[in-house]
Protein chains: 2
Amino acid sequence: MAPPPMYQQIAEDLRRQIESGELEPGRQLPTELELRETHDASRNTVRDAIKRLISLGLVETKPGQGTFVTRKIDPFVTVLTPTDEGETGLGGGEGAIYLSQVKRQKRTPKVSGLKVEIQTAPAEIRNRLGLSEGDQVVLRHEERFIDGIRWSLQTSYYPLSFVTDGHASRLQTAQNIQEGTVRYLEDVMGLKQTSYQDWITARSPNDGEQKFFSIAHDGTVFEIFRTAYDQTGMPIRVTVTIFPADRNQFIVNVGRPADLGTPELDTPDLGKDAK
Amino acid sequence: MAPPPMYQQIAEDLRRQIESGELEPGRQLPTELELRETHDASRNTVRDAIKRLISLGLVETKPGQGTFVTRKIDPFVTVLTPTDEGETGLGGGEGAIYLSQVKRQKRTPKVSGLKVEIQTAPAEIRNRLGLSEGDQVVLRHEERFIDGIRWSLQTSYYPLSFVTDGHASRLQTAQNIQEGTVRYLEDVMGLKQTSYQDWITARSPNDGEQKFFSIAHDGTVFEIFRTAYDQTGMPIRVTVTIFPADRNQFIVNVGRPADLGTPELDTPDLGKDAK
DNA sequence: TAATATTTGTACGTATGTATT
DNA sequence: AAATACATACGTACAAATATT
């Protein structure tokens, strides 16, 4: 039996120390030069070990300062199914995706950096909205925070015809639509949002996402496409939301109004050692 | 302005060639020694570039053979909400999570390696099932394939009391329960599954998952906890399923029986350049 | 079967650059 | 300005896996 390579052994050793709490979150690891001596390895080998810990999300490095054990963020839990059966696909925001009420009521979501553009619809959006090649869309982009933490990036796409033919002119103004776009579209165009479909994927972040969320290039983000339909089954909006996987989880409730408890919501290490 | 480091430039250069189709899936990249010469860099620098491409999932290396452009797997799409309103939380399998009917009918799911154990319930399971510390659970573990491709790993947990007090003895036999455990529990214990809750997270694979799915150590898996409840609101099962993110996507339908189209399901590069 | 060539993996050493204290 | 710590980049050597002769 070949023994595991040295850099893996060093990584394992450090991982054990971190997960046992010996090295608590926020604390600095020994420097590369120190680890070089304590483990009797070259600096490059030590660095290989640290790279593994980075890709596991256990540590982060800061040039000129050191390597630190990652502080875990108490995860945001988003319920993808409506919490209130009264609202059919529901209310506010950018037609969006809602923060769990459970134990989140003390948290304060904020939105900033609203940007509005008009573009030729990219294929993914065009197909979901049932448009033709070359058709244009109105695009409303937001940065979303919770308690000051960067939570998600959201972009909603509407057919440009809503503005040109449907008189929903406020869609293209870079102002928040206070009553919510769902309500607004119903008021001015008679479009009722009666259903939606969420499409959930995961991938690596692009450069912009990497910077905005301060995550590693080999981290993970959820990408959720929400397509909303009116009473006739016509798609009226596509909302694409990016959530970094290190601080976001999702819940889907089926078969009940869903005020069921959410076990372990407090526990920071949920899912750590699941096998 | 500092130029980007050389290994990133080399990675970008190769990425461009891959995404433009110049280097098609399955094809071998130039060897490290060749890249060393074409890019006038050291072998280690070339290797750093390739590591980035690996973590983006664009290439994979095979010792002794070479580096190859990843063949993308046509993603499996799983619908988390019931496709048939008639069934309340629904039928077969291990009480499980169901494969989309859409365009998947030609695909053949297979299950193998059924393993049954009795364990003290780990905290995550215990809390979800409403058990006390030290309580035991019956654990049914399966490896699941689609068209021969490793699709997911699933483990279902039931309170041991179902076997000792409830006479659901077949739970602890390593045999498939043909009619489905949902039906079986209803027959022998009168437990009707009327609702469930899915809890969706993403994380790095552990060693076993890494090997089973042949994914990189810095890849991503979805981990979905499905807690099923009976008519009284009592939790009767927790099913934990691991899905590698490179070949799995999920859909949640709200507000309609949901036979809506699934745009782009055929398109292999869904979500590639979404921004 | 055995030897050989090719290709990636691990490990070392060194030098220099950049960010922070 | 100097010291510290991580980042990039080069070079070398040998091991391990695979394919070929």
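Note: hydrogens, waters and symmetry copies are ignored here, and every other heavy atom, side chains too, is used. Proteins come first, then strands; the chains are lettered A, B, ... in the order of their sequence lines, and each starts at number 1.
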Undergrad: Compare the minimum distances between each of D/dC10, D/dA7, C/dT8 and the side chain of A/T61, then state the nucleotide with the smallest one.
TA: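 Closest nucleotide among those given: D/dA7.
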Undergrad: Suppose we screen for salt bridge (Lys or Arg N to Asp or Glu O under 4.0 Å). Which residues come up paired with A/E12, at least two apart in sequence or across chains?
TA: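 With neighbours one apart ignored, the set is A/R15.
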Undergrad: Closer than 4.0 Å, any side-chain N/O of A/T67 to the OP1 or OP2 of D/dA5?
TA: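 No, outside the criterion.
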Undergrad: Using only side-chain N and O atoms of B/T31, determine if any of them is under 4.0 Å from OP1 or OP2 of C/dT6.
TA: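 Checking C/dT6 against B/T31, no side-chain N or O comes under 4.0 Å of OP1 or OP2.
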Undergrad: Atom CE of B/M6 to atom C1' of D/dC10: distance rounded to whole Å?
TA: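 After rounding, the gap between these two atoms is 10 Å.
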Undergrad: To the nearest Å, how far apart are A/E34 CD and D/dT4 P?
TA: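 That distance rounds to 12 Å.
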Undergrad: Between the base of D/dA5 and the side chain of A/R43, is there a donor and acceptor pair under 3.5 angstrom?
TA: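 In this structure, the two groups form no donor-acceptor pair.
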Undergrad: Answer yes if the side chains of B/R140 and B/S156 hold a donor-acceptor pair under 3.5 Å, and no otherwise.
TA: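 Distance-only check fails for B/R140 and B/S156.
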Undergrad: OP1 or OP2 of D/dC10 less than 4.0 angstrom from a side-chain nitrogen or oxygen of B/T45, does that happen here?
TA: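 The answer is yes; a side-chain N or O of B/T45 sits under 4.0 Å from OP1 or OP2.
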Undergrad: Taking the side chain of B/E32 as heavy atoms from C-beta outward, which of D/dG11, C/dG9, D/dC6 is closest to it?
TA: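 Nearest to the side chain of B/E32 among the choices is C/dG9.
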Undergrad: Under 3.5 Å, is there a donor-acceptor pair linking the side chains of A/H39 and A/D13?
TA: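 On atom types as modelled, these side chains qualify, holding a pair under 3.5 Å.
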Undergrad: Figure out the CD/P separation between B/E37 and C/dT6, and round it to whole Å.
TA: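 So the CD-P distance, B/E37 to C/dT6, works out to 13 Å.
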Undergrad: OP1 or OP2 of C/dA19 less than 4.0 angstrom from a side-chain nitrogen or oxygen of A/Q65, does that happen here?
TA: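 No, no such contact exists.
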Undergrad: If only side-chain N and O atoms of B/R47 are considered, is one of them under 4.0 Å from the OP1 or OP2 phosphate oxygen of C/dT8?
TA: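 Checking B/R47 against C/dT8: no side-chain N or O falls below 4.0 Å of OP1 or OP2.
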Undergrad: 5'-most contact on DNA chain C: B/N44 or B/Q28, nearest heavy atom basis?
TA: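 It is B/Q28, whose closest nucleotide lies nearer the 5' terminus.
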Undergrad: Taking OH from A/Y7 and C1' from C/dA11, how many angstroms apart are they, rounded to a whole number?
TA: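 Atom OH in A/Y7 sits about 11 Å away from atom C1' in C/dA11.
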Undergrad: Rounding to an integer number of Å, can you tell me how far A/K51 NZ sits from C/dA11 C1'?
TA: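 So the NZ-C1' distance, A/K51 to C/dA11, works out to 13 Å.
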Undergrad: Checking A/R247 against A/F76: charged group under 6.0 Å from the ring centre and within 45 degrees of the axis?
TA: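 Verdict for A/F76: no cation-pi partner in A/R247.
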Undergrad: In whole Å, I'd like the distance from the CG atom of A/L33 to the P atom of D/dA3.
TA: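 So the two atoms are 15 Å apart, to the nearest Å.
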Undergrad: Does any nucleotide pair with D/dA1 by Watson-Crick or G-U wobble geometry, both distances under 3.5 Å, and what is it?
TA: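 Matched D/dA1 with nothing under the 3.5 Å cut-off.
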Undergrad: So for B/R36 and D/dG11, does any side-chain atom that can act as donor or acceptor lie under 3.5 Å from a complementary atom in the base?
TA: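 No, the side chain and the base share no sub-3.5 Å donor-acceptor pair.
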Undergrad: I want to check a possible cation-pi pair here: A/R128 against A/F225, using under 6.0 Å from ring centre and within 45° of the ring axis as the test.
TA: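 So A/R128 does make the cation-pi contact.
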Undergrad: Want to settle it: does A/D48 or A/P63 sit nearer the 5' end of DNA chain C, counting the closest nucleotide to each?
TA: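 Result: A/D48.
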